[in-house]
There are 2 protein chains.
Amino acid sequence: MIKLEKIKSTPIPTLKRLTRYLSVIHQLKESKTDYISSTEIANIMGLDPIQVRKDLEFTGISGFPRLGFKIDDLHFAIKEILNWNNTEDAFLVGAGSLGQAILGYDRFKSCGLKIIAGFDINPELIGKKISNIEIYHINKIPNLIKRLNVKIGIICVPASSAQDVVDLMVDNGILALWNFAPIHVNVPSDIIIENAQLSQSLGILTHKLAEKIKAY
Amino acid sequence: MIKLEKIKSTPIPTLKRLTRYLSVIHQLKESKTDYISSTEIANIMGLDPIQVRKDLEFTGISGFPRLGFKIDDLHFAIKEILNWNNTEDAFLVGAGSLGQAILGYDRFKSCGLKIIAGFDINPELIGKKISNIEIYHINKIPNLIKRLNVKIGIICVPASSAQDVVDLMVDNGILALWNFAPIHVNVPSDIIIENAQLSQSLGILTHKLAEKIKAY
DNA sequence: TTTTTATCGATAAAAAAATATCGATTTCTC
DNA sequence: GAGAAATCGATATTTTTTTATCGATAAAAA
Ligand SMILES: NC(=O)c1ccc[n+]([C@@H]2O[C@H](COP(=O)([O-])OP(=O)(O)OC[C@H]3O[C@@H](n4cnc5c(N)ncnc54)[C@H](O)[C@@H]3O)[C@@H](O)[C@H]2O)c1
Ligand SMILES: NC(=O)c1ccc[n+]([C@@H]2O[C@H](COP(=O)([O-])OP(=O)(O)OC[C@H]3O[C@@H](n4cnc5c(N)ncnc54)[C@H](O)[C@@H]3O)[C@@H](O)[C@H]2O)c1
C-alpha cells in the first residue's frame with residue numbers, strides 16, 4: 001500500500017508565532033552569537049521550547065544538538081515562509097489619519113509590502129504626496145490595478161465605504177485585501193482577506209483585565 | 001464522588017469571533033429585525049452555524065427555536081464579556097503618526113477604552129492637544145498613573161524605546177498594555193500584554209498570497 | 001387544530017494544536 | 001579522551017477547538 005506523503009501547510013497559529021520569532025531573532029542578529037536554541041527563544045518569549053521546535057520544523061531548517069539553530073538561516077527561512085524575501089506592490093485606499101500612518105511606515109517594506117500609490121475621494125488629498133507616495137482619486141484605481149498588476153489592496157476607508165471599495169478592487173482583479181475597517185466585508189471565496197482588527201486585540205485585553213480585576 | 005463544576009472561561013478564538021459577531025450585529029441593529037439566528041450570522045460571515053452557536057453559549061443568552069437570538073440581548077451580552085459596557089481610562093505613549101491616529105479614533109470609546117492623556121518626549125508635541133487629548137512629557141507618567149489610577153497603557157513609541165516605556169509603566173502600577181511596537185517586550189507574568197501586531201496579520205496575508213500564486 | 005419547519009442546545013465525535021517522552025547527537029568540561 | 005550536559009527531532013499523549021448528531025421546542029403554514 002502506497003502511503004501518500006501528506007503535505008502539511010503551516011498552521012495559522014504557527015505563522016503568527018513565526019513572525020514573533022522573527023522579531024526576536026532580528027534583535028539577536030546584532031549580538032555576536034551565531035546560533036539560537038529553541039530553549040532560548042522560548043525563555044525570551046515565555047513559551048514552551050517544544051512548541052518553538054515544532055514551529056521551526058516548518059522552516060525546514062535543521063538545528064544542531066547543543067547549539068540550536070543558525071540564526072541567519074532561521075531568519076531567512078522564516079521570511080521565506082511569510083514570503084517576505086519578495087516584495088509585492090500594494091495600493092492603499094483611504095489616506096486619512098490611519099492611512100497616512102501606514103503610508104509613512106517604512107518597516108512594511110521588510111515585510112514584503114511596497115505601497116506604490118494611495119487613493120482617496122477627498123479633493124484636498126488628491127495629488128498630494130505622503131512619504132513620497134502619491135494620492136490619486138479612487139476612480140483611477142480600476143485602470144491602475146490592471147495596468148500595474150497590483151495584487152494587494154489596503155482598506156483604510158470608513159466602515160461605511162469599505163464594502164464598496166472592496167467590491168471595486170475585487171472587480172478589477174485584486175487578489176488579497178488587508179482590511180482596517182472595523183466591519184465584515186464580503187468577498188468571493190478565492191479572494192484572500194485579512195482583517196487587521198485592532199478591536200479584536202483590544203477586546204482580548206479588556207476581557208482579560210476585567211477577569212483580573214474581578215479576581216482581585 | 002463529588003464532581004466539581006469546571007468553570008470554563010471564554011477561549012481566545014471565541015473571544016475573537018465574538019468581536020466580529022458584534023460588528024455584524026451592530027450593522028443589523030439598524031434593520032427592523034429583532035432576532036438573528038446562528039445560521040444567519042454564519043452565512044454572513046462564512047462560518048459554521050454550530051460554531052456560532054457554541055460561541056454564543058458563552059454569552060449565557062438563550063436563543064428561541066425557529067427565531068434565533070434577540071439582537072439587543074446578544075449585543076449587550078457580548079459587550080459584557082469583552083467588558084465594553086464599562087470604560088477604562090488609558091494612557092497612550094508615543095504621539096507620533098500612529099499614536100495620533102489612535103488618539104483621534106472615536107470608536108475605541110465604544111470598546112471600553114477612554115484615552116485620557118498622551119505622552120511623548122518630543123518638545124514640539126508636549127502641551128499640544130490632539131483630538132482634545134493633551135500630550136505631556138513622559139516624565140509626568142509615574143505620578144499620573146498613580147494619581148489617576150490608570151490601568152491601561154498603549155505603546156506607540158519606536159521599537160527601540162518600547163521596553164523602557166513598558167518598564168516605566170509597569171513599575172508605576174499599570175496592569176495592562178496594548179503594544180503597537182513590533183518587538184517582544186518583557187513583562188512580569190501578572191501583567192496583561194496584548195500585541196497589536198500588524199505585521200502578524202500582514203504575514204498571514206503575504207503567506208497566503210504566495211501559496212495562491214504558487215498554485216496558479 | 002395539526003402539521004411542517006427552522007432553530008436551539010445537549011451530547012458526541014473528529015480534527016487540530018499543544019505538550020510530553022526519550023533516544024541520538026554533539027559540544028563542553030574535566 | 002571520557003563523561004556530563006544540552007539540545008534536537010521523531011513519536012506519543014493530552015488538551016483544546018471544531019464539527020457532527022439529534023431530540024426538543026416553538027413559530028409558521030396548512
Ligand atoms: N484611526 C485609527 O486609529 C483606526 C484604528 C482602527 C481602525 N480604523 C479604521 O480605519 C479606517 C480609517 O480610519 P481613519 O481614522 O484614518 O479615518 P479618516 O476619516 O481619517 O480617513 C478615512 C479616509 O478615507 C477617505 N474615504 C472615504 N470614503 C472613501 C471612498 N469611498 N473611497 C476612497 N476614500 C474614501 C476619506 O476621504 C478619508 O481620507 C476606518 O474604517 C477606521 O474605522 C482606524
Ligand atoms: N505607523 C504605522 O503604520 C505603524 C504600524 C505598525 C506599527 N507601528 C509601530 O508603532 C510605533 C509608532 O510608530 P509611528 O509610525 O507612530 O512612529 P513615529 O516616529 O511617528 O512616532 C513615535 C513617537 O514616539 C515618541 N517617542 C520616542 N521615544 C519615546 C520615549 N522614550 N518616550 C515617549 N515617547 C517617545 C517620538 O517622539 C514620536 O512622537 C512604532 O513602534 C512602530 O513600529 C507603526
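Just so it is clear: chains get the letters A, B, ... in the order the sequence lines come, proteins before strands, and each one is counted from 1.
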Atom pairs under 3.5 Å, N or O on each side, protein against nucleotides 1-5 of chain C: can you list them with distances?
unit_1: dT5(C); atom_1: O2; unit_2: R66(B); atom_2: NH1; d: 2.7

> Of F64(B) and P65(A), whose nearest nucleotide on DNA chain C comes first from the 5' end?
Replying inline: F64(B)
>> For N186(A), give me all partners under side chain to side chain contact (heavy atoms under 4.5 Å, CB included), at least two apart in sequence or on another chain.
In response: Q163(A), H184(A)
> Which of residues 36-46 of chain A sit near DNA chain D, with a heavy atom under 4.0 Å from it?
Replying inline: S37(A), S38(A), T39(A)
> In whole Å, what is the span from the CD atom of E57(B) to the P atom of dT17(D)?
Replying inline: 14 Å
> Starting at OH of Y35(A) and ending at P of dT7(D), how long is that distance when rounded to a whole Å?
Replying inline: 14 Å
>> Show every side-chain hydrogen bond (donor to acceptor under 3.5 Å, both in side chains) that has at least one partner inside residues 91-108 of chain A, sequence neighbours left out.
In response: D106(A)-K109(A)
> Among L177(B), V166(B), L168(B), V157(B), which residue meets the side chain to side chain contact (heavy atoms under 4.5 Å, CB included) test with V93(B)?
Replying inline: V157(B)
>> Tell me which pairs pass salt bridge (charged side-chain N to carboxylate O under 4.0 Å, His left out) where either residue lies in residues 69-89 of chain A, with sequence neighbours left out.
In response: K29(A)-D72(A), E88(A)-K151(A)
> Is there side-chain contact between S23(A) and P182(B), with heavy atoms separated by less than 4.5 Å?
Replying inline: no
> According to a strict under-4.0 Å criterion, is R53(A) in side-chain N/O contact with OP1 or OP2 of dG9(D)?
Replying inline: no
>> Just the rounded figure in Å: distance from C1' of dA6(D) to CD1 of I50(A).
In response: 14 Å
> Start at the 5' end of DNA chain C and walk down; is the nucleotide closest to K54(B) or to Q51(A) reached first?
Replying inline: K54(B)
>> Can you pull out the residues from residues 186-206 of chain B that lie within a 4.0 Å heavy-atom distance of DNA chain D?
In response: none
>> Tell me which pairs pass salt bridge (charged side-chain N to carboxylate O under 4.0 Å, His left out) where either residue lies in residues 174-184 of chain A, with sequence neighbours left out.
In response: none
>> Taking the ring of F69(A) and the ring of Y35(A), is the distance between their centroids below 6.0 Å?
In response: no
>> Listing request: all side-chain hydrogen bond (donor to acceptor under 3.5 Å, both in side chains) pairs with a residue in residues 47-56 of chain A, at least two apart in sequence or in separate chains.
In response: T14(A)-D55(A), R17(A)-D55(A), Y21(A)-D55(A), S38(A)-R53(A)
> What residues, two or more places apart in sequence or in another chain, satisfy side chain to side chain contact (heavy atoms under 4.5 Å, CB included) together with E194(B)?
Replying inline: S201(A), I204(A), L205(A), K208(A), W178(B)
> Reading DNA chain D 5' to 3', what string of ( ), [ ], | and . shows its pairs, if Watson-Crick and G-U wobble pairs count only when both distances fall under 3.5 Å?
Replying inline: ||||||||||||||||||||||||||||||
>> Taking side chain to side chain contact (heavy atoms under 4.5 Å, CB included) as the definition, give me every residue that meets it alongside I121(B), ordered by chain and number, with sequence neighbours left out.
In response: H137(B), I138(B)
> Taking atom types as modelled and ignoring hydrogens, do the side chains of T206(A) and W84(B) form a donor-acceptor contact shorter than 3.5 angstrom?
Replying inline: yes
> Short question: side chain of D120(A), backbone of A95(A) - any donor-acceptor pair under 3.5 Å?
Replying inline: yes
> Heavy atom of residues 11-18 of chain B under 4.0 Å from DNA chain C: which residues?
Replying inline: none
